[in-house]
Amino acid sequence: MKHRKRLLTAAVLGTAALAAAQGTTFLTIGSGATTGVYFPVATGMAKLITDANTGVRANARSTGGSVFNMTALGTGELDAAVTQNDVAYYAYRGTGLQAFQGKANSKLRTMAVLYPEVLHVVARKDARINSIADLKGKRVVIGDLGSGTEQTARQVLEAYGLNFDDLGQALRVSPAQGITLMQDKRADALFYTVGVGASAISQIAQTVDIKMVPVAGNQAAALIKKYPFYVRYNVPARSYKGVGATVPSVAVQATLVTTSDVSTDAVYRAMRAAFGNEEALKALHPALAQNFSYAKAVKGLPAPLHPGAVRFFREKGVNVR
């Protein structure tokens, strides 16, 4: 009996040793608010990674957004994250935002550019807001404190000669809280940098008569000249209830990033699981379905590609360094 127990113990220890030798890697992926696009995209990618059974397991966490994610990558609280490429650019270089000043994260690495994140400026029709300039004196949701949306709102207002002090009230709240404020007439307008089709915008449009405020003309040109990570982007007509015509705006890029602390092999296996089947990836969200491609995934990088991502894209025939 004792001999049998020793054999069983040895077998269990052998299995554990084998698992340790194989080295299962656990990745926590930061996303954003549950009402945005980051969360379903990150959750879907985490499931693809885990279900592939390649020795990498992943889970997605709802967070405060891009700035939080970059800070958490620096402290090791997160292993990977979805972020705006402008915020990742600032974090990598230690500039642009107060949270990163003098704290460049040289370990930051890009896995893939995912899709355009379009600036949505949504106003209640009864607020009589037709231009960004009309936000002066209004109650405006500018995003969570430290979010990428807050930074975008600041830069766009600047292009129109305004700042947060010119607003009647600058409301720093989550998208979910922003929905409630718009519905209760406690906010006149809302900034949200997010993929087209975001549930937060759809929810507002279903319950409030809205108007999408354009970002265009000389102001858009000045914005892009000063901040070259922006691109022009037209929100298609009928993207949301009440939006009957195309609305010109600007966009940054949602990007999946990690750090050099995650091994080349682990990132390669995660990339192969999440991005190897392009059809499965695009099925995660319309923002990916309409915009993602391997060629676009290596354009506008805010930080160098991770070696594991380089290996993956080369296998897909993409010219990367």
Atom pair [atom1]/[atom2] of [X] and [Y] - distance to nearest 0.5 Å:
| X | Y | atom1 | atom2 | answer |
| --- | --- | --- | --- | --- |
| Thr149 | Leu119 | OG1 | CG | 8.0 Å |
| Asp134 | Lys136 | CG | NZ | 11.5 Å |
| Leu256 | Arg109 | CG | CZ | 14.5 Å |

What pair of heavy atoms forms the shortest contact from [X] to [Y], and how long is it?
| X | Y | result |
| --- | --- | --- |
| Asp261 | Lys107 | OD1-NZ, 3.3 Å |
| Tyr240 | Ala205 | CB-CB, 4.1 Å |
| Lys296 | Val113 | O-CB, 3.7 Å |
| Pro307 | Thr264 | CB-OG1, 3.6 Å |
| Val82 | Met45 | CG2-CE, 4.3 Å |
| Ser31 | Ala42 | CB-CB, 3.7 Å |

| Verdict with reasoning, Glu117 to Tyr38, per side chain to side chain donor-acceptor pair (under 3.5 Å) | CA-CA 10 Å; Glu117 285 202 271; Tyr38 282 10; 2.4 Å; yes
Any side-chain donor near an acceptor of the partner, [X] and [Y], under 3.5 Å:
| X | Y | value |
| --- | --- | --- |
| Asn69 | Thr63 | yes |
| Thr28 | Asn59 | yes |
| Asn277 | Glu279 | no |
| Lys211 | Asn130 | yes |
| Gln177 | Thr180 | no |

| task | Compute both the distance and the angle, then confirm whether Arg57 meets the cation-pi test with Phe26: under 6.0 Å from the six-membered ring centre, within 45 degrees of the axis. | result |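 Arg57 over Phe26 ring: no.
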| Is Arg93 positioned over the aromatic face of Tyr89, cation under 6.0 angstrom from the ring centre and no more than 45 degrees off axis? |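 Relative to the ring axis of Tyr89, which defines the angle, Arg93 lies inside both limits.
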| task | Would you mind reporting whether Thr43 and Ile29 have side-chain heavy atoms less than 4.5 Å apart? | result |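 No, side chains not in contact.
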| query | Would you call Arg154-Glu158 a salt bridge at under 4.0 Å N-O? | reply |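 Salt bridge: no.
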| query | Would you call Glu278 and Lys316 a salt bridge, taking side-chain N to carboxylate O under 4.0 Å as the test? | reply | no
| field | Check: Tyr115 ring centre within less than 6.0 Å of His285 ring centre | value | no
| task | Indicate, with yes or no, if the rings of Phe275 and Phe292 have centres closer together than 6.0 Å. | result |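 Ring centres of Phe292 and Phe275 closer than 6.0 Å.
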Out of the candidates [options], only one should pair with [X] under the side chain to side chain contact (heavy atoms under 4.5 Å, CB included) rule; please name it.
| X | options | result |
| --- | --- | --- |
| Phe191 | Val122, Leu135, Thr152 | Leu135 |
| Val257 | Asn105, Val87, Thr83 | Thr83 |
| Arg232 | Ile224, Val215, Leu223 | Ile224 |

| field | Worked verdict on Met111 versus Phe312 for side-chain contact (heavy atoms from CB on, under 4.5 Å) | value | CA-CA 10 Å; Met111 293 174 71; Phe312 170 79; over 6 Å; no
| said: Evaluate Asn85 against Thr255 for side chain to side chain donor-acceptor pair (under 3.5 Å), listing each step before the verdict. | reply: CA-CA 6 Å; Asn85 63 340; Thr255 306; 5.1 Å; no
